[in-house]
Amino acid sequence: MERKMKIGVFGRDYQEDKLPLIQRLFEKLSELGTEIYIQRDFYAFLTEVTKYMPANAGLLDGDVSFLDLALSVGGDGTFLRTVVQINKYPIPILGINTGRLGFLADIGSEQLEETLDELFRHQFRTEERMMLELQMPESLFQGYHYALNEVAILRRDTSAMITIHTFLDDDYLTSYQADGLIIATPTGSTAYSMSLNGPIILPESDNLVLSPVAPHSLNVRPLVIPGTHRITLRVESRSPTFLVALDGRSEVVSTDTLLTIVKACFTTHIIHRLDHTFYQTLREKLLWGVDKRVK
């Protein structure tokens, strides 16, 4: 007898208008004979707010090591939170998009059933995406010091810039006088870094991007560096503290704290359909090649 596929479902506690899509998802998973486990907070939202009770579903609270696949239902923010809960386990994640743009969560409503059929037949591919590790003495971020998209160093005091002294493998690079600095992976090159005019990097590349936020000097531009570099940062500010954010999870840090950022020793596994390419994502999400004059 073939072992049932164990699938974890992760989501957010809002978007009640997406309930029809969520119902379709659970109905299809049941039809395929999978073992369904729902992240506890998402289960509470479904049962208490929407009054929807998925049939034959178990609760997922803490240990995820037994899962075969993870489904993230929401936008890219939900996907990033799913990455945190999957932690270091090599469990592939599929993003089902109920949000807007969706670079990570790229499966739309019209593709749902067909994509799940392909998953059940093991007709999919996975990409391994680089992670960043933030090394610092304080036990912040609930012990999970990793980011898929970026590490952001940001000012707290809205009236003054911060100075970020930056070293690459102990060699002094520069001191950024700016509102902040973004250290982005190839995955994160289409996120915060892109909004700062940073370059788009192919997911399989072993590079990082340093993108200053509102730099005081006009000749400071985003910089692409090898992913093997160790980045060390020391922050000066009129305020005694500044913000550090890992994929949007932020903590207040003292200016006495030395930050070190390196490529993590593990990767995140992202599921794509066999006919999906990153170039297709660029055309569809960023409208590359679209000519509004052509109707």
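Side chains are part of it too, since the values below use all heavy atoms of this structure and drop only hydrogens, waters and symmetry mates. In this text the structure is predicted, and so the values were computed from the model without any measurement.
- Using a 4.5 Å heavy-atom threshold, the side chains of V253 and T241 count as separate.
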Candidate pair K285 and D106, rule salt bridge (Lys or Arg N to Asp or Glu O under 4.0 Å), full reasoning: CA-CA 9 Å; K285 304 296 184 180; D106 60 0; over 6 Å; no
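- Side-chain heavy atoms closer than 4.5 Å link hydrophobic residues (I, L, V, M, F, W, Y) into clusters, and following such links, even through other members, never connects V244 to M131.
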Audit row: V252, R156, side chain to side chain contact (heavy atoms under 4.5 Å, CB included) steps and yes/no: CA-CA 8 Å; V252 177; R156 290 193 71 204; 3.5 Å; yes
From CA spacing to verdict: side chain to side chain donor-acceptor pair (under 3.5 Å), S175, H165: CA-CA 4 Å; S175 293; H165 303 291; 2.5 Å; yes
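- In summary, of the residues considered (L286, N149, T187, N97), a side-chain contact (heavy atoms from CB on, under 4.5 Å) with F103 occurs for L286 alone.
- Residues I153 and F242 meet the side-chain proximity criterion, which asks for heavy atoms closer than 4.5 Å.
- The same ILVMFWY cluster, assembled from side-chain heavy atoms under 4.5 Å apart, contains both F141 and I231.
- Side-chain heavy atoms closer than 4.5 Å link hydrophobic residues (I, L, V, M, F, W, Y) into clusters, and following such links, even through other members, never connects L210 to I201.
- Looking only at side-chain heavy atoms (C-beta outward), L196 and V213 come within less than 4.5 Å of each other.
- In this structure, OH in Y52 is found 8.0 Å from CG in L46, a value given to the nearest 0.5 Å.
- Side-chain atoms of T78 never come within 3.5 Å of backbone atoms of G74 as a donor-acceptor pair (strictly under, hydrogens ignored).
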Full working for side chain to side chain donor-acceptor pair (under 3.5 Å) between T260 and Q135: CA-CA 5 Å; T260 301; Q135 298 176 344; 4.7 Å; no
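- Judged by distance alone, the side chain of R273 and the main-chain N or O of R125 form no donor-acceptor pair under 3.5 Å.
- Distance alone, capped at 3.5 Å, places no donor-acceptor pair between the H269 side chain and the E127 backbone.
- Using a distance-only test at 3.5 Å, with no hydrogens or angles considered, a donor-acceptor pair links the side chain of Q111 to the main chain of G108.
- With rounding to the nearest 0.5 angstrom, the OG1 atom of T50 is 14.5 Å from the NZ atom of K18.
- Minimum interatomic distance between M161 and A178 (heavy atoms only, all atoms of both residues): CB-O, 3.4 Å.
- Heavy-atom minimum distance, I22 versus F42: CD1-CZ, 4.0 Å.
- Residues L181 and M136 share a hydrophobic cluster, clusters being chains of Ile/Leu/Val/Met/Phe/Trp/Tyr side chains in contact below 4.5 Å.
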Steps toward side chain to side chain donor-acceptor pair (under 3.5 Å) verdict (Q280, E284): CA-CA 6 Å; Q280 180 181 349; E284 293 177 353; 3.0 Å; yes
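- The same ILVMFWY cluster, assembled from side-chain heavy atoms under 4.5 Å apart, contains both V151 and Y176.
- Looking at K263 and E133, no side-chain N of the basic residue comes within less than 4.0 Å of a carboxylate O on the acidic one, giving no salt bridge.
- The backbone N or O of T228 sits nowhere less than 3.5 Å from a side-chain atom of D206 that would complete a donor-acceptor pair.
- Side chain of S30 to main chain of E27: no donor-acceptor pair is present (N/O by atom type, distance under 3.5 Å, no hydrogens or angles).
- Counting non-hydrogen atoms of neighbouring residues, nucleotides and ligands closer than 6.0 angstrom, the OH atom of Y279 reaches no more than 12 such neighbours.
- To the nearest 0.5 Å, atom OG1 of residue T82 and atom CD1 of residue I93 are 6.0 Å apart.
- Atom-to-atom distance recorded for L208:CG and I182:CD1 is 13.0 Å, nearest 0.5 angstrom.
- The number of heavy atoms from other shown groups lying within 6.0 Å of CD (Q142) does not exceed 12.
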Working for side chain to side chain contact (heavy atoms under 4.5 Å, CB included), residues F10 and L71: CA-CA 6 Å; F10 301 79; L71 303 183; over 6 Å; no
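- In this structure, F278 and I200 have side chains that are in contact, with non-hydrogen atoms separated by less than 4.5 Å.
- Listed for the T185 side chain is a donor-acceptor partner under 3.5 Å among the backbone atoms of L148.
- Atom-to-atom distance recorded for D68:CG and T34:OG1 is 10.0 Å, nearest 0.5 angstrom.
- Here the straight-line distance linking atom CG of L140 with atom CG of L246 works out to 9.5 Å at 0.5 Å rounding.
- Counting heavy atoms of neighbouring residues, nucleotides and ligands inside a 6.0 Å radius, atom CG of D63 exceeds 12 of them.
- Using a cutoff of 4.0 Å between basic side-chain nitrogens and carboxylate oxygens, K28 and D117 are scored as salt-bridged.
- At a threshold of 4.5 Å between non-hydrogen side-chain atoms, the residues L60 and I38 do not count as touching.
- Here R81 pairs with nothing under the salt bridge (charged side-chain N to carboxylate O under 4.0 Å, His left out) rule; sequence neighbours left out.
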L59/D61 under side chain to side chain contact (heavy atoms under 4.5 Å, CB included): CA gap, chis, key distance, verdict: CA-CA 6 Å; L59 281 181; D61 191 7; 5.5 Å; no
Side chain to side chain contact (heavy atoms under 4.5 Å, CB included) assessment of L69 paired with F124: CA-CA 12 Å; L69 296 172; F124 61 89; 4.2 Å; yes
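- With contacts defined as side-chain heavy-atom distances shorter than 4.5 Å, the pair S72/I96 does not qualify.
- Closest approach of G180 to I162, counting heavy atoms only: CA-CD1, 4.3 Å.
- R230 and V262 make their closest contact through CG-CG1, 3.5 Å (heavy atoms, listed as atom of the first residue, atom of the second, distance).
- A distance-only check finds no donor-acceptor pair linking the side chain of S193 to the backbone of A184 [under 3.5 Å].
- The minimum heavy-atom distance linking L116 with L32 is given by the pair O-CD1, 3.6 Å.
- Relative ring orientation between H276 and H272 is described as parallel, the plane-to-plane angle staying below 30° on a 0-90° scale split at 30° and 60°.
- For N197, the CG atom is loosely surrounded, since the number of other residues' heavy atoms within 6.0 Å does not exceed 12.
- Considering only heavy atoms from C-beta on, L104 comes within 4.5 Å of L80 through its side chain.
- Side-chain atoms of S237 come within 3.5 Å of backbone atoms of S239 as a donor-acceptor pair (strictly under, hydrogens ignored).
- A distance-only check finds no donor-acceptor pair linking the side chain of Q177 to the backbone of T163 [under 3.5 Å].
- Using a 30° and 60° split on the angle between ring planes, Y37 and F66 fall in the perpendicular class, above 60°.
- Between R155 and D179, at least one side-chain N (NZ, or NE/NH1/NH2) sits under 4.0 Å from a carboxylate O, which counts as a salt bridge.
- Contact annotation: the side chain of Y146 never approaches that of L134 to less than 4.5 Å [non-hydrogen atoms, C-beta and beyond].
- The shortest heavy-atom contact between M130 and P186 is CE-CD, 4.0 Å.
- Scored by the side chain to side chain contact (heavy atoms under 4.5 Å, CB included) test, R24 finds L21, S109, L112, E113 as partners (sequence neighbours excluded).
- For CZ of F266, the number of neighbouring non-hydrogen atoms (other residues, nucleotides, ligands) closer than 6.0 Å is greater than 12.
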